[in-house]
Amino acid sequence: VPPKPLQAIEKSWTIANSNWFFDSAISADKTIQLMEKSKMYAGKISFDGVIAVSPKVVGDLLGITGPIELADRKLTVSKDNFMMEIQNEVQAAQAKGAPSKKILAELLPELLLKLDSLKTQDNRLAAEKLNEWTSNKDLAIYFKDMNIQNFLDFYGASGKVFEIPSDFNGDYLAIPSANIGGGKSDLFIDQKVFFKTQLNASGTVNDHLEISRKHTAGNKDQWWYRLPNESYIQVFALPDASLSGFSGGWDRKIIPKINYAKSGYGVDALISGIESTIKKNFNFPSVDEFTESGKKVFGVWVKTEAGKTSKLSMDYSGHLFSPLSDGQKYQFVFEKQTGSGGSYHFEIYAPVGFSWVETKSPLFEYETSNPPGRLILNLTLKRDL
């Protein structure tokens, strides 16, 4: 049985959608499980690990190796056209009922050959990129062997999400999204995030989140880019976060394509565990509230038509470990989705009567269009005289 949002378009949960979880390590483990149960591999092959790469990694490698010629297709793949050409070929193959990812199987050996023949200087450049890819969550590695996995976790290469300590005096934000039924329109979505936090001396935090999504595809772009972007967005917050305001979004009704119980479908224990925590807020019926990876999650649908902009806003509050005082440390943690982009503006306001040591004012601002995979802002409170 697929996760409930995927039931909008899929009857079964398959390998193609196994990368469902925000925690890359969990998604990788689930990918292995589904592959080892598939007709192609069951009883024949077991897998030791998974390496997940974003298009940015392949683009960077092509920037080092130079363009690759796929003679049979009369196609040149470069760092500038990689994503567009791959998607065009995949869509054309799907229209003919042919294997849609065959082009990747042809491209990979050629890319590996070129990488193998790199000069020392280019090899060093590729190695230097490795740290950038892992820190920006463009590459995540998972292994069943826990010794290897602990090593990868330590160096931030596994894509594992931040675990909120029990004595955490800070705030947390992540905004992963899944395009479900919107073709390849993600490539043309320009997302902007504004996040404002007001701290209170009593130990509560009031958060205001705004997400703007502009669909930039035009009439000259392929039809699969011009489809309405239909995304399920999840806002990860503090474990006790409570929603007090919401606007925007799309009240999408999910109707399963079959009766899973009568059809003998298996139920995944992890998915079942997460979905058992889903609660509907009667004040905001289009918002799902549930628990995942030790966080409160607010799940909402957003539909964005080509040439238009969709907006949603959300207000919620949570509690710190203890009341705030002079000299106390405060930490804000933001984690981005593997391979995602967008621009972000964060504003953190100190409690009344306090300022931040780092800015000598009650306001700390941070703006970026290229955040690391995990952004940690460490601040210090100072009581005003």
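Values below: every heavy atom of this structure, side chains too, minus hydrogens, waters and symmetry copies. Remember, it's a predicted structure, so these values are computed and weren't measured experimentally.
Residues F334 and Y344 bring their aromatic ring centres within 6.0 Å. Between F188 and H215, the gap from one ring centroid to the other reaches at least 6.0 Å. Taking the six-membered ring for Trp, F332 and F346 have ring centres closer than 6.0 Å.
Summarising the local packing, CG of L108 is surrounded by more than 12 heavy atoms from other residues, nucleotides or ligands at distances under 6.0 Å. Atom CZ of F47 is surrounded by more than 12 heavy atoms from other residues, nucleotides or ligands within 6.0 Å. The neighbour count for D240 CG, taken as heavy atoms of other residues, nucleotides or ligands under 6.0 Å away, is above 12. Residue H319 qualifies as open at atom NE2: its count of foreign heavy atoms under 6.0 Å is 12 or below. Residue D72 places its CG atom among 12 or fewer non-hydrogen atoms of other residues, nucleotides or ligands, all under 6.0 Å distant. Annotation for K192: atom NZ does not count as buried by contact number, only 12 or fewer foreign heavy atoms lying within 6.0 Å.
Relative orientation of the Y330 and W356 rings is tilted, given thresholds of 30° and 60° on the angle between their planes.
Of all heavy-atom pairs between L130 and L139, the closest is CD1-CD1, 4.4 Å.
Under the side chain to side chain contact (heavy atoms under 4.5 Å, CB included) criterion, S322 pairs with N169, Q328, not counting sequence neighbours.
At a threshold of 4.0 Å, the pair E89-K102 does not count as salt-bridged, since none of the basic side-chain nitrogens sits closer than that to a carboxylate oxygen. A salt bridge links R374 with E335: the closest approach of a Lys/Arg side-chain nitrogen to an acidic carboxylate oxygen falls below 4.0 angstrom.
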